[in-house]
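Residue indices begin at 1 and follow the sequence shown.
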Amino acid sequence: MAVVFALVAVVLGIRLADLQLFSSDAFVEYGQQQRTRTVKLTADRGQIYDRNGVALALSVPQWTIWADPSQVDDPAAAAAALAPVLNMDGNYLLQLLSEPDQHAYLARTVPDDIAAAVADLNIKGVFRLEESARFNPAGSHLARAVVGTVDVDQTGISGIEYQYDELLGGVPGEMVLESSQDGRTIPTGARHIRPAQPGADLYLTIDRSLQFEAERALMRQIEEVNAASGTVIIMVPGTGEILAMASVGRDQEGNPVSLSENRAVTWAFEPGSVMKSVALSGVIETGLGEPHHVREVNHWLELYDQTFTDHTEYGTVLYSMEEILARSSNTGTVEWALVLGSTRLAAYMSRYGLGSATGLGFRGESSGLVPQLLSWSGTDVASFALGQGILATPLQVLMVYNTLANGGVRVPPTLVQSAVDADGHTIRLEQGDPVRVVSAHTASQMTDMLVTVVREGTGRNAQVEGYSIAGKTGTGQKVQSGGNYEDDEGFSRYTATFAGFYPAEDPQLSMIVVIDEPVTNFYASKSAAPLFAELAKYSLQRLRIAPPANYFTLGSKLGPAPTPQPAPTLDPATASDPETTSTPEPAVEPTGPEPVTEPVEPEAVAEPEPVAEPEPSATPSPVPASEPTAEPNAQPVAEPAPAPGAENGP
């Protein structure tokens, strides 16, 4: 027996020595783990302001209710007590309180009164933690497609909140606390705090008043023309700053609402005649034509297997390039596009930024679509010049007109003016380099032509008294299911666009209005241009832009509209042969974009070898019919679509 006791004593002695001498650190650590808990300290998220310091998104204090299920003595009783206070299902709470984890969120972003009521219940293992929630002082819908949203953990998931989440979010901290056996914090216990670093504040280029008015007016216009949706962008062409970016659609009940999707950059469409400025500016830039140069134009033109038409059958007339743009003549534009050629047109579309992201960096931004030059059919040079068969976002289209307003220089767009950290230091944000697209001379001539469009042509409804507006209409036909431009019943849907800038003498603002699927009147001159005029007038007043001192009203630059008459009998074979078009030798071939240095004429380069035109496609892109200068009452979309080549207006 003595031997047994001796052996037991030896074993216990060895175990005691092991615990005290060799494994003491491990057990001390185990004890600390039981007594301590780590609490994440959420960093204060930076605020988002408009360009004038008006708050668009703020973080406000809120409470989070959480539990350590291992410390809850009676999960069922705790769930029953918490359910009416948190307004939650008792069975769901019981499930959370019965989990084996040591941390379970019961409710997030809880207001003060509910958090206090939970504390009064004094339930062991249930705690409250002060966090923050995002709040939009101007309303949850104003500019929500631009500002974006955050999740319950204050992480950006859309819009500016997502794009600049790293700047806004800051760096989280942590706090380690020592608790007693009943879960209460020991005031004199071990404690470690690593403070959170607050996020930076962002100052956007958005003007809240302009944004509000753009959304309000767009909602009303969508309702008036019974459209599906619409987009408005207002910018400063010289800096690329976006002052307003509105996206409006319809809710499940059919009422116009501000969308969470920023369709100004995520949605690409066939813009129609508003893109005629690209081809004509290319003609002027390469020295192939001038605004006053006259061409013989017929109201119809057959090119390979596709027929291009104007709205009115006027026979054959003499139109200057300026008159072609002002009257939005499709056939006249095609004549000049054939002079320019596929290679040059493709180059200028690229230089204007079509087919490429704008550099805004917005999540989900579309690059649009411009087919590769080698895949173009024989009629694509004509269709693309008319804005059909290519895709562009509203922002990409507006960038074309920004370039012309800015003397031929394309300045990348931006939504953020500056960022300021918690110490008040300004954080430098990168912005792309400006790119020379066309010369200042070409931009000036295009501006004069676009002023004529508004004063005497299809853009008359975009006029603002006392100011010169430069702009262009565009009515594009939409592709239906199956890749066709008409549905099974022969009906078509359209987009109506007006893009321009003002005052034309010294452009300080630019704007695009896009109305998607208007029904009451699908012509851009009636659906988009009036809204452009309304918002242009408001923006001029809002920003206190006075009429230019050199503003004056010119006499009419266009002659009377041609008298409609039956189409002449022409030889289709001759009309379809592009070689019969008199094409002067080009002077300059556009080169790739390069950063702006001095506003000088681009250096001429050697003419590249012409690219062989592929065979025309079997299913050519339909082409819009030009919109009449003095437009009759347009037919609603419910009417059957006209014959191919006569669908759309500018």
Side-chain angles (χ1 to χ4, degrees), residues 237 268-289 291 321-322 324-326 328-330 332-356 358 367-371 373 376 380-410 435-439 442-450 453 470-476 497-501 510 512 524 586 588-593 602 621 623-624 626 648 650:
F269 68 110
E270 297 187 37
S273 295
V274 71
M275 300 307 292
K276 290 175 180 176
S277 296
V278 174
L280 296 183
S281 65
V283 170
I284 297 173
E285 180 72 6
T286 53
L288 299 175
M321 183 191 299
E322 184 171 33
I324 286 172
L325 186 63
S328 199
S329 168
N330 286 334
T333 303
V334 170
E335 293 277 8
W336 280 113
L338 294 176
V339 171
L340 184 63
S342 301
T343 303
R344 299 184 192 87
L345 178 60
Y348 278 106
M349 286 196 293
S350 176
R351 293 176 70 172
Y352 275 110
L354 301 174
S356 303
T358 63
S367 297
L369 177 64
V370 176
L373 177 60
W376 288 22
D380 280 345
V381 64
S383 297
F384 296 170
L386 301 179
Q388 292 287 164
I390 62 172
L391 298 176
T393 65
L395 181 58
Q396 286 177 320
V397 176
L398 182 55
M399 291 302 294
V400 171
Y401 287 83
N402 277 1
T403 300
L404 299 175
N406 202 37
V409 176
R410 174 164 55 89
V435 174
R436 167 70 65 186
V437 177
V438 295
S439 67
T442 296
S444 176
Q445 289 186 305
M446 285 299 304
T447 297
D448 291 342
M449 293 167 62
L450 291 169
V453 171
K472 183 69 183 74
T473 52
T475 305
T497 304
F498 191 93
F501 48 90
S510 63
I512 186 171
V588 182
E589 178 68 12
T591 58
S621 302
V623 180
S626 61
N648 304 347

Can you see whether Thr286 engages Tyr348 through a side-chain donor-acceptor pair at a distance of less than 3.5 angstrom?
no
Closest non-hydrogen atoms of Ala385 and Leu345, given as atom of the first, atom of the second and distance, are N-CD2, 4.0 Å
Measure across Met446 and Leu325 and return the closest heavy-atom pair with its distance rounded to 0.1 Å.
CE-CD2, 4.2 Å
Just wondering, do Lys276 and Leu386 contact through their side chains at under 4.5 Å, heavy atoms?
yes
Heavy-atom distance under 4.5 Å between the side chains of Ser510 and Leu398, does that happen here?
yes
Give, for atom OG1 of Thr333 and atom CE of Met321, the distance between the pair rounded to the nearest 0.5 Å.
9.5 Å
Between Ser342 and Phe384, is there a side-chain heavy-atom distance shorter than 4.5 Å?
no
Between Arg351 (side chain only) and Gly353 (backbone N and O only), is there a donor and an acceptor less than 3.5 Å apart?
no
For a side-chain contact (heavy atoms from CB on, under 4.5 Å) check, start with the C-alpha distance between Thr343 and Trp376, then their side-chain angles and the critical distance, and finish with the verdict.
CA-CA 10 Å; Thr343 303; Trp376 288 22; over 6 Å; no
Please find the pair of heavy atoms, one from Ala443 and one from Gly408, that lie closest to each other, and give the distance.
CB-N, 3.5 Å
Hey, what do you get for CE (Met399) to CG (Asn406), rounding to the nearest 0.5 Å?
9.0 Å
N/O donor-acceptor pair under 3.5 Å between Lys472 side chain and Val453 backbone:
no
Gap separating the CD atom of Glu335 from the OG atom of Ser329, nearest 0.5 angstrom:
8.5 Å
Angle class for the Phe501/Tyr401 ring planes (parallel below 30°, perpendicular above 60°, tilted otherwise)?
tilted
Measure the spacing between CG of Leu450 and CD of Gln445 and express it to the nearest 0.5 Å.
12.0 Å
Closest non-hydrogen contact found for Gln388 with Thr475 is OE1-O, 4.3 Å
Where Ala268 and Leu391 come nearest, the two heavy atoms and their spacing
CB-CB, 3.9 Å
Interatomic spacing from CD in Glu270 to OG1 in Thr497 - rounded to 0.5 Å:
11.5 Å
Do Thr358 and Gln396 get their side chains close enough for a donor-acceptor pair, meaning under 3.5 Å?
no
So do Thr473 and Ser273 actually touch side chain to side chain, heavy atoms under 4.5 Å?
no
Nearest-0.5 Å distance that lies between atom CG in Leu280 and atom CG in Leu288
11.5 Å
Where do Ala499 and Val397 come nearest, in terms of heavy atoms and distance?
CB-CG1, 4.5 Å
